[in-house]
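Read the structure below first, then the notes.
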Amino acid sequence: MLLNVLSRGVVLTDSMRAAVQRKLDFALDRFGDQLERVEVTIEDLNGPRGGVDKKVQLLMSGPVRRGVVIEERGDNVMAVLSSAADRASQVLGRIMERRNRLAHRS
């Protein structure tokens, strides 16, 4: 799985990038061969004004499924990332389960 991390208006340190990598590896590891690419965009929507303005978007694609998008917002980048990764794991799990059920019916 190729992971690409982009940031807009948020400074990502090396330790934050490593944490992003670890979190997504943990959450998405079981879908290894179904995912070719995961693009993570971390954005500060309001800039210095503050508020609930951090957005994390995950765009996941692979040979089986194209363009699964998960988006979360909140005030803490790592908490929002964690929530998005958990949702991504759940959504991909449901997609794979549905696909397996349909394959067994044939």
Side-chain angles (χ1 to χ4, degrees):
M1 168 180 77
L2 175 64
L3 178 65
N4 187 22
V5 180
L6 306 168
S7 66
R8 295 185 185 131
V10 177
V11 177
L12 291 180
T13 63
D14 289 339
S15 63
M16 286 178 74
R17 284 186 185 276
V20 168
Q21 177 80 40
R22 278 192 310 274
K23 181 63 180 170
L24 291 173
D25 282 346
F26 182 77
L28 304 176
D29 185 53
R30 67 185 175 131
F31 308 107
D33 58 340
Q34 284 91 18
L35 286 176
E36 289 177 346
R37 182 181 188 106
V38 177
E39 290 188 24
V40 181
T41 305
I42 302 171
E43 188 173 3
D44 186 348
L45 300 172
N46 292 338
R49 289 182 283 167
V52 180
D53 65 341
K54 307 299 187 278
K55 179 175 92 169
V56 172
Q57 183 181 52
L58 304 178
L59 173 59
M60 299 164 287
S61 58
V64 173
R65 190 79 181 168
R66 291 187 190 198
V68 176
V69 178
I70 302 293
E71 189 174 294
E72 288 285 329
R73 294 178 187 214
D75 59 355
N76 179 290
V77 171
M78 296 313 289
V80 175
L81 173 71
S82 183
S83 179
D86 291 343
R87 275 191 55 215
S89 180
Q90 292 170 359
V91 167
L92 290 173
R94 283 195 303 267
I95 289 169
M96 295 304 148
E97 182 180 310
R98 198 173 312 132
R99 195 182 81 191
N100 289 339
R101 272 197 318 261
L102 291 173
H104 287 352
R105 286 183 187 173
S106 310

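All heavy atoms count here, side chains included; hydrogens, waters and symmetry mates do not. Nothing here was measured: the structure is a model prediction, and the numbers come from that model.
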Could you walk me through whether Leu6 and Glu43 satisfy the side-chain contact (heavy atoms from CB on, under 4.5 Å) test, starting with their C-alpha distance in whole Å, then the side-chain angles of each, then the deciding distance to 0.1 Å, before giving a yes or no?
CA-CA 8 Å; Leu6 306 168; Glu43 188 173 3; over 6 Å; no
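- In this structure, the side chains of Glu72 and Leu58 stay at 4.5 Å or more apart for every pair of heavy atoms.
- Between the OG atom in Ser61 and the CD atom in Glu39 there is a gap of 7.0 Å [rounded to 0.5 Å].
- Between Ala27 and Ala85 the shortest heavy-atom distance is CB-O, 3.7 Å.
- In this structure, CD in Gln34 is found 11.0 Å from CG in Leu28, a value given to the nearest 0.5 Å.
- In this structure, NZ in Lys23 is found 7.5 Å from CG in Leu81, a value given to the nearest 0.5 Å.
- Nearest heavy-atom pair, Val69 versus Gln57, reported as atom, atom and distance to 0.1 Å: CG1-NE2, 3.6 Å.
- Contact detail for Ser89 and Arg30: the closest heavy-atom pair is O-NH2, 3.3 Å.
- The CD1 atom of Ile70 sits 7.0 Å away from the CG atom of Leu92 when rounded to the nearest 0.5 Å.
- The two atoms that bring Val80 and Asp75 nearest to each other are CG2-N, 4.3 Å, heavy atoms only.
- The heavy-atom pair separating Arg73 from Glu71 by the smallest distance is NH2-OE2, 3.5 Å.
- In this structure, Asp44 CG and Lys55 NZ are separated by 11.5 Å, a value rounded to the nearest 0.5 Å.
- Between Asp29 atom CG and Leu24 atom CG the span is 11.5 Å, to the nearest 0.5 Å.
- The environment of CG in Asp14 is sparse: at most 12 heavy-atom neighbours from other residues, nucleotides or ligands sit within 6.0 Å.
- Counting only heavy atoms from C-beta outward, the side chains of Lys54 and Ile42 never approach each other to under 4.5 Å.
- Across Gln21 and Leu3, no two heavy atoms sit closer than the pair OE1-CD2, 3.1 Å.
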